[in-house]
Amino acid sequence: MAKGKIKKWWSRSVKITAIWLISALAFFSLLQIALRNSMNRPTISTASSISNAERRSVLYSKMAGDLDENGAVFLKHGETSQSLSLSDLFTLKDEIVTPVLKAANPPVRANVLHLSTEFSDPISEAVKNIFSPYFDKAIWFQNSSMYHFSMFHASHHIAPVSASETEIEDEVSAVKSVAEAICPLHIVIDRVVLTSTGVLLGCWQVVSGSDPVTIRAKLKSALPRAPQKQLYNEAMLHTSFARLLGSPKKLTEEEKKMSDIQFFHYLVDRLNNQIRGLKAKVSEVWYVEEYDLLALAVNGKMKIHKFNFGCSEV
């Protein structure tokens, strides 16, 4: 009798244990599948934006240290934008700056995001108010109606890619299609930096909308003939405000006690205090045929194809 009870108890225990084991194995298998699926799932836009924002912050910090690391190279008329020397772009005679318009052969084909004068004019005014008293005419101010963010080049002067009229039309159509898939960017000035080559830059962060990394990836896919080596970091979002071409003048007695580098930092700090945190909205991409080198920067000859972003804001 006792034997039968023990046998019955043992049989029930084995069944219960088996059920628990099967349930545990099933749960573990489902958990593994869920983990694999979550790892393979595309990264959500928020995480991507945080990552790109961090990349920009690191990049901007490095750019801010360039002046201290390399000194004011522009005072020796050294290299400036895109591996070009200052003498390639400007002449400085009797303290008057004149742009040098050099034909680009073949024309540079640049894709840029345009900043509306609603936002660029107040920035330009602040830059001029702070820098003009010290540099008089030995400074070139970017035309505020041409404030832009360089995104992707279908051809540039370092790696030129010739194109027929038909090929240019195809590129324009491709960029138009990309624009239709881009959402307006809400951006904010992270900081202003002055590079060792004398370029005063506004460095921006993205608050919402399509990230520059995404935009460049779309343009790269749409323009397969473009140079593999592009001119800027894929995460970068910057605007040129001005280019310094000479030494500061009319310094006060206190300002004369500063070194050149200290004084440049002093001016940049003043500008940062005034416009850092300024917000703007970008909703237009330009495909620009630059017939002169850096035509967008020096008011040269160019042809602009303008496209509004097609993605509607929620």
Which pair of heavy atoms, one from Leu201 and one from His238, lies closest together, and at what distance? CD2-CD2, 3.7 Å

Asn308 CG to Ser283 OG distance, which is reported to the nearest 0.5 Å: 6.0 Å

Test item: Leu271 and Leu200 side chains (from C-beta on) under 4.5 Å apart, heavy atoms: yes

Going by heavy atoms in the side chains, are Val206 and His186 under 4.5 Å from each other? no

Is there a path from Val285 to Val282 through hydrophobic residues (I, L, V, M, F, W, Y) whose side chains come within less than 4.5 Å of each other? yes

Does Asn272 reach the main-chain N or O of Val192 with its side chain, forming a donor-acceptor pair under 3.5 Å? yes

As a quick check of understanding, evaluate side chain to side chain contact (heavy atoms under 4.5 Å, CB included) for Met151 and Leu237, giving each step before the final call. CA-CA 8 Å; Met151 286 286 110; Leu237 187 67; 3.9 Å; yes

Minimal non-hydrogen separation, Glu290 against Leu294, with atom names: OE2-C, 3.5 Å

Heavy-atom donor-acceptor pair, Trp286 side chain to Ala110 backbone, under 3.5 Å: no

Working to the nearest 0.5 Å, report the span between CZ of Phe152 and CG of Leu113. 13.5 Å

Is any NZ, NE, NH1 or NH2 atom of the basic residue among Glu171 and Arg109 found under 4.0 Å from an Asp or Glu carboxylate oxygen of the other? yes

State, yes or no, whether a side-chain contact exists between Asp260 and Leu75 at a heavy-atom distance under 4.5 Å. yes

Where the side chain of Ser240 meets the backbone of Ala242, is there a donor-acceptor pair that is under 3.5 Å apart? no

Tyr147 and Phe241: ring-ring contact (aromatic ring centres under 6.0 Å, His included), yes or no, with the steps? CA-CA 8 Å; Tyr147 273 24; Phe241 294 154; 5.5 Å; yes

Ignoring hydrogens and angles, tell me if any N or O in the side chain of Ser132 forms a donor-acceptor pair with the backbone of Asp136 under 3.5 Å. no

Audit row: Tyr134, Phe263, ring-ring contact (aromatic ring centres under 6.0 Å, His included) steps and yes/no: CA-CA 11 Å; Tyr134 297 102; Phe263 183 70; 5.0 Å; yes

Report yes if some heavy atom in the side chain of Val97 is under 4.5 Å from a heavy atom in the side chain of Ile139; otherwise report no. no

Could you walk me through whether Val268 and Val193 pass side chain to side chain contact (heavy atoms under 4.5 Å, CB included), step by step? CA-CA 7 Å; Val268 170; Val193 302; 5.7 Å; no

Donor-acceptor under 3.5 Å (Asp66 side chain, Ser196 main chain): yes

Heavy-atom donor-acceptor pair, Ser173 side chain to Glu169 backbone, under 3.5 Å: yes

Is there a side-chain contact between Leu278 and Val188, using heavy atoms and a 4.5 Å cut-off? no

Spacing of Leu59 atom CG and Asn52 atom CG [to the nearest 0.5 Å]: 12.0 Å

Report the C-alpha separation of Thr197 and Thr195 in whole Å, then their side-chain angles, then the decisive distance to 0.1 Å, and conclude whether the side chain to side chain donor-acceptor pair (under 3.5 Å) test is met. CA-CA 5 Å; Thr197 56; Thr195 69; 2.8 Å; yes

Lys/Arg-Asp/Glu bridge criterion (N-O < 4.0 Å) met for Glu234, Lys220: no

Do Asn111 and Phe307 pass the side chain to side chain contact (heavy atoms under 4.5 Å, CB included) test, and can you show the C-alpha distance, the side-chain angles, and the key distance before you say yes or no? CA-CA 11 Å; Asn111 293 280; Phe307 305 109; over 6 Å; no

Does a side-chain heavy-atom distance below 4.5 Å link His157 with Leu293? yes

Taking atom CD of Glu167 as the centre, does the number of heavy atoms from other residues, nucleotides or ligands within less than 6.0 Å exceed 12? yes

Would a hydrophobic clustering, with Ile, Leu, Val, Met, Phe, Trp and Tyr connected at side-chain separations under 4.5 Å, put Val213 with Leu231? no

Nearest-0.5 Å distance, CZ of residue Arg191 to CG of residue Asp269: 11.5 Å

Is Asp211 salt-bridged to Arg56, cutoff N-O under 4.0 Å? yes

Main-chain N/O of Ser57 paired to Ser61 side chain as donor or acceptor, under 3.5 Å: yes

Let me check something: do Ile215 and Val207 share a hydrophobic cluster, defined by ILVMFWY side-chain heavy atoms less than 4.5 Å apart, either directly or through other members? no

Identify whether the distance between the nearest side-chain nitrogen and carboxylate oxygen of Glu253 and Lys256 falls below 4.0 Å. yes

Using the rule side-chain contact (heavy atoms from CB on, under 4.5 Å), only one of Thr239, Thr117, Leu296 pairs with Met146; which is it? Leu296

Geometric class of the Tyr287/His305 ring pair [parallel <30°, tilted 30-60°, perpendicular >60°]: perpendicular

Any sub-3.5 Å donor-acceptor pair from Gln262's side-chain atoms to Ser259's backbone N or O? yes

Over all heavy atoms of both residues, which pair between Leu267 and Phe135 is shortest? Give the atoms and the distance, please. CD1-CE1, 3.7 Å

Restricting to non-hydrogen atoms, name the atom on Val112 and the atom on Ser150 that form the minimum distance, rounded to 0.1 Å. CG1-CA, 3.9 Å

Heavy-atom donor-acceptor pair, Arg276 side chain to Ile189 backbone, under 3.5 Å: no

Audit row: Met258, Tyr266, side chain to side chain contact (heavy atoms under 4.5 Å, CB included) steps and yes/no: CA-CA 9 Å; Met258 302 181 194; Tyr266 162 70; 4.2 Å; yes

Tell me the closest heavy-atom pair linking Ser155 and Val161, and the distance in Å. OG-N, 2.8 Å

Do Lys281 and Pro184 have side chains that approach each other closer than 4.5 Å (heavy atoms only, starting at C-beta)? yes

Do Phe264 and Pro248 make a side-chain contact, defined as non-hydrogen atoms from C-beta onward lying under 4.5 Å apart? yes

Shortest non-hydrogen pair, His114 vs Ser145, comes out as NE2-O, 2.9 Å

Could you check whether any side-chain N or O of His153 sits under 3.5 Å from a backbone N or O of Pro160, counting only pairs where one atom can act as donor and the other as acceptor? no

Out of curiosity, Asp170 CG to Glu165 CD, how far, rounded to the nearest 0.5 Å? 12.0 Å

Say whether Met302 and Val175 are linked into one hydrophobic cluster, either directly or through other cluster members, by side-chain heavy-atom distances under 4.5 angstrom. no

Take the angle between the ring planes of Phe149 and Trp204 and call it parallel below 30°, perpendicular above 60°, tilted in between. perpendicular

To the nearest 0.5 Å, what is the distance between OG (Ser208) and CG (Leu185)? 8.0 Å

Distance to the ring centre below 6.0 angstrom and angle to the axis at most 45 degrees; does that hold for Lys301 and Tyr291? yes

Honestly curious: do Phe119 and Phe141 fall in one hydrophobic cluster under the side-chain, below-4.5 Å linking rule? yes

